[in-house]
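A short worksheet on the structure shown next.
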Amino acid sequence: MMGQEFEEAFGNFLDRHEYDGAESALFGMVRTSFLAGWLAAGGAPPQSERIFQLMNLQREK
């Protein structure tokens with residue numbers, strides 16, 4: 001087990017914006033690698049999907 005000093009230092013490291021950038025880059029590499037394997041195995045490429053739809057909520061008078 002690690003000591004309290006280590007846990008606090010690690011927590012501070014995780015809270016830094018540099019870690020956020022590194023985590024984002026790592027996630028991108030993992031996703032790209034998974035997609036390459038998926039396509040190599042004959043899977044269909046992901047399709048673009050609508051995430052949300054804007055609606056006009058004004059009522060007609």
Notebook entry, point to check: In this structure, are over 12 heavy atoms from other groups packed under 6.0 Å from Glu5 atom CD?
Noted result: no
Item checked: Heavy-atom closest contact (Phe13 atom, Tyr19 atom, distance) -> O-CB, 3.5 Å
Margin query: Would the distance check show the side chain of Trp38 and the main-chain N or O of Pro45 forming a donor-acceptor pair, the cut-off being under 3.5 Å?
Written below: no
Margin query: Under a 3.5 Å distance rule, please check whether Ser24 uses its side chain to pair with a backbone N or O of Asp20 as donor and acceptor.
Written below: no
Item checked: Same cluster (ILVMFWY, side-chain, under 4.5 Å), Phe34 and Phe27 -> no
Next item on the list: Consider only side-chain heavy atoms of I, L, V, M, F, W and Y, link residues closer than 4.5 Å, and tell whether Phe10 and Met2 are in one cluster.
Entry: yes
Next item on the list: Taking all non-hydrogen atoms of both residues into account, name the closest pair between Ala44 and Leu39 and its distance.
Entry: C-CD2, 4.2 Å
